[in-house]
> 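I'd like to ask some things about the structure below.
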Amino acid sequence: MPASKSGTAAEQRFNVNLSILFTELPLLERPAAAAAAGFGAVELWWPWVDSATPEQSELDALKKAIEDAGVQLTGLNFYAGQLPGPDRGALSIPGAESEKFRANIDVAADFAQSLGCKALNALYGNRVEGVDPAEQDALALENLVLAARAADRIGAILLIETLNKPESPNYPLVTAPAGVDVVDKVNEGTGLGNAKFLMDLYHLSMNGEDLPAVIEQYASKTGHVQIADNPGRGAPGTGTLPLEDLLDQLGKAGYEGWVGLEYKPGDRPSAEAFDWLPAEARAAR
């Protein structure tokens, strides 16, 4: 996906996900590595998979690394359990995981606020054997309403993401309509209107969805976009997805938010996985 003649790449705002790229480096070195590659903005999954409430010193160290690198944190996940790993979120899982999610809400929101981050992503969580799905959905809505209010407190949006069934067989939100339905329910529950759809083009393509139709239908409800090519979840150009055309369509549909680069670098250092994107299109703006 080189810069297009219509200037798609130059018109989009790209940020690097530091939980899937630059993972060959320790967490605190990744913001500077992204900056060295020419990027001005980054996003993160919740970095402390074992703790919803890490020590303040750990939060402060990451904040300093991001500030020292001169990059903007544009997106952050709430606590989501072991991710990467077997977990796909905590907020719909009764018991300890749900409690950890609740304990994390203000920690994540305060950290985001300290860095001017305006988007918080809440992963729904897997279905649990022996628990009524309706019970999980009721718990999820309760927790998402709390998360949306915390996001609103810091002037941020709450993102709700669909994953894909082949890789996340126990995750219930594996279609765009399912994700948007939860977005609508959260907005009805809060009256705030700050819940938005996270449109991950890789996950949607893995589900076999009609991506142009999804964009046409849901661009107005979308708060963030993430990309990776398919097959392989690699950089644009390594698979067969027409990502340039899809981003062009998103822009024409009025989407002006960030496009998160959430792909695997492959068998090379992450710094070499951005050849498809001209240097001038990497700066934050």
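These values consider heavy atoms only, across backbone and side chains, with no hydrogens, waters or symmetry-generated copies. Counting from 1, the numbers follow the sequence of the chain as shown. In this text the structure is predicted, and so the values were computed from the model without any measurement.
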> When you group the ILVMFWY residues by side-chain heavy-atom contacts below 4.5 Å and let the links chain together, are L25 and L44 in the same group?
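As far as the 4.5 Å side-chain criterion goes, L25 and L44 are connected within one cluster.
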
> Nearest 0.5 Å, what's the CG-CG distance between L243 and D248?
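CG of D248 is found 12.0 Å from CG of L243.
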
> From L211 CG over to M199 CE, what is the distance, rounded to the nearest 0.5 angstrom?
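Separation between the atoms: 8.5 Å.
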
> Run the side-chain contact (heavy atoms from CB on, under 4.5 Å) test against A90 and tell me which residues pass, sequence neighbours left out.
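With neighbours one apart ignored, the set is Y79, E97, F101.
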
> So which heavy atom on P94 is nearest to which on V131, and how close?
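Looking at all heavy atoms of both residues, the shortest contact is CG-CG1, 4.0 Å.
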
> Is it the case that the side chain of T175 and the backbone of A178 share a donor-acceptor pair, with hydrogens and angles ignored and the cut-off at 3.5 Å?
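Here the side-chain-to-backbone pair exists.
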
> Does D110 pair with R153 as a salt bridge, N-O distance under 4.0 Å?
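Answer for the salt bridge query: yes.
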
> With no hydrogens and no angle check, is any side-chain donor or acceptor of H224 less than 3.5 Å from a backbone partner on W258?
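Side chain of H224 to backbone of W258, a donor-acceptor pair under 3.5 Å: yes, one is there.
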
> Honestly curious: do L163 and L159 fall in one hydrophobic cluster under the side-chain, below-4.5 Å linking rule?
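L163 does not cluster with L159.
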
> Is there a side chain to side chain contact (heavy atoms under 4.5 Å, CB included) between L261 and I227? Walk through the geometry before answering.
CA-CA 6 Å; L261 307 183; I227 62 169; 3.7 Å; yes

> Nearest 0.5 Å please: distance from the CG atom of D60 over to the CZ atom of F111.
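So the gap between those two atoms works out to 8.5 Å.
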
> Could you check whether any side-chain N or O of T23 sits under 3.5 Å from a backbone N or O of S19, counting only pairs where one atom can act as donor and the other as acceptor?
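Checked: no pair found.
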
> Could you please spell out the steps behind the side chain to side chain donor-acceptor pair (under 3.5 Å) verdict for Q226 and E43?
CA-CA 11 Å; Q226 289 174 331; E43 65 184 28; 2.9 Å; yes

> Are the side chain of N194 and the backbone of A148 linked by a donor-acceptor contact shorter than 3.5 Å?
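Yes: the side chain of N194 pairs with the backbone of A148.
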
> Could you state the interatomic distance from CZ (F197) to CD1 (I160), rounded to the nearest 0.5 Å?
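Answer rounded to 0.5 Å: 10.0 Å.
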
> If you measure only the distance, is there a donor-acceptor pair under 3.5 Å linking the side chains of S270 and E24?
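A pair is found: one side chain offers a donor N or O, the other an acceptor, under 3.5 Å apart.
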
> What pair of heavy atoms forms the shortest contact from C117 to I154, and how long is it?
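Here C117 and I154 meet closest at O-CD1, 4.0 Å.
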
> Can you hop from I157 to V182 via hydrophobic side chains spaced under 4.5 Å?
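Not linked; separate clusters.
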
> Consider only side-chain heavy atoms of I, L, V, M, F, W and Y, link residues closer than 4.5 Å, and tell whether F22 and V49 are in one cluster.
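F22 does not cluster with V49.
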
> Do any N or O atoms from the side chain of W46 and from the backbone of W48 form a donor-acceptor pair under 3.5 angstrom?
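Side chain of W46 to backbone of W48, a donor-acceptor pair under 3.5 Å: yes, one is there.
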
> Please report the closest heavy-atom contact between I105 and N143, naming both atoms and the distance.
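Nearest heavy atoms, I105 then N143: CD1-O, 4.1 Å.
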
> Going by the side chain to side chain donor-acceptor pair (under 3.5 Å) test, which pairs reach into residues 156-167, not counting sequence neighbours?
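Side chain to side chain donor-acceptor pair (under 3.5 Å) check on residues 156-167 returns N121-E161, N164-E167, N164-H203, E167-Y202.
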
> Please report the interatomic distance CG(D152) to CZ(R149), rounded to the nearest 0.5 Å.
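Going from CG on D152 over to CZ on R149, the span is 10.0 Å.
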
> Please identify each residue that fulfils side-chain contact (heavy atoms from CB on, under 4.5 Å) with N170, with sequence neighbours left out.
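N170 satisfies side-chain contact (heavy atoms from CB on, under 4.5 Å) with N126 only.
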
> Please report the closest heavy-atom contact between S220 and K196, naming both atoms and the distance.
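Shortest heavy-atom contact: O-NZ, 4.4 Å.
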
> Which pairs, with at least one residue in residues 119-135 and sequence neighbours excluded, count as a salt bridge (Lys or Arg N to Asp or Glu O under 4.0 Å)?
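Of all non-adjacent pairs touching residues 119-135, those that pass salt bridge (Lys or Arg N to Asp or Glu O under 4.0 Å) are R127-D137.
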
> Go through it in stages, so that I can follow the logic: the residues are N207 and S205, the test is side chain to side chain contact (heavy atoms under 4.5 Å, CB included), and I'd like the CA-CA distance, side-chain angles, deciding distance and then a yes or no.
CA-CA 5 Å; N207 288 326; S205 72; over 6 Å; no

> Which atom pairs, one a donor and one an acceptor, fall under 3.5 Å between side chains of residues 69-76 and the rest of the protein, sequence neighbours left out?
residue, atom, partner, partner atom, Å
Q72, NE2, L115, O, 3.0
Q72, NE2, G116, O, 3.2
T74, OG1, V42, O, 3.2

> Just checking, any donor-acceptor pair under 3.5 angstrom between side chains of E262 and W45?
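There is such a pair (donor and acceptor under 3.5 Å, judged by atom type) between the side chains of E262 and W45.
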
> Check this for me, if you would: do R233 and D229 make a salt bridge, where the nitrogen-to-carboxylate-oxygen distance has to be below 4.0 angstrom?
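No salt bridge links R233 with D229.
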
> Any donor and acceptor pair, going by atom type alone, linking the side chain of R285 with main-chain N or O of R282 inside 3.5 Å?
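It does not hold such a pair.
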
> Mind checking what makes side chain to side chain donor-acceptor pair (under 3.5 Å) contact with D181, not counting sequence neighbours?
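D181: side chain to side chain donor-acceptor pair (under 3.5 Å) contacts with K185.
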
> Could you grab the distance from atom NZ of K264 to atom CG of N17, nearest 0.5 Å is fine?
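Answer rounded to 0.5 Å: 12.5 Å.
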
> Can you find a pair of side-chain heavy atoms, one from L123 and one from F78, that are under 4.5 Å apart?
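Counting from C-beta outward, L123 and F78 never come under 4.5 Å.
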
> Are the side chain of S92 and the backbone of Y124 linked by a donor-acceptor contact shorter than 3.5 Å?
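Confirmed, S92 side chain pairs with Y124 backbone.
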
> For I20 and P265, which heavy atoms make the closest approach, and how far apart are they?
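Smallest interatomic distance, heavy atoms only, reads O-CD, 3.8 Å.
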
> Does the D87 side chain pair with the main chain of A80, one donor and one acceptor, at a distance under 3.5 Å?
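No, the answer is negative, given that no donor and acceptor are paired below the 3.5 Å cut-off.
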
> Say whether L21 and L198 are linked into one hydrophobic cluster, either directly or through other cluster members, by side-chain heavy-atom distances under 4.5 angstrom.
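They do not share one cluster, since no chain of ILVMFWY contacts under 4.5 Å joins L21 to L198.
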
> With a 4.0 Å cut-off, would you call R102 and E142 a salt bridge?
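A salt bridge is present here (some side-chain N lies under 4.0 Å from a carboxylate O).
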
> Does T222 reach the main-chain N or O of Y218 with its side chain, forming a donor-acceptor pair under 3.5 Å?
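Yes: the side chain of T222 pairs with the backbone of Y218.
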
> Identify the two heavy atoms, one from N187 and one from A195, that lie closest to each other, and give their separation to 0.1 Å.
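Answer, listing the atom of N187 first, then A195: OD1-N, 2.9 Å.
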
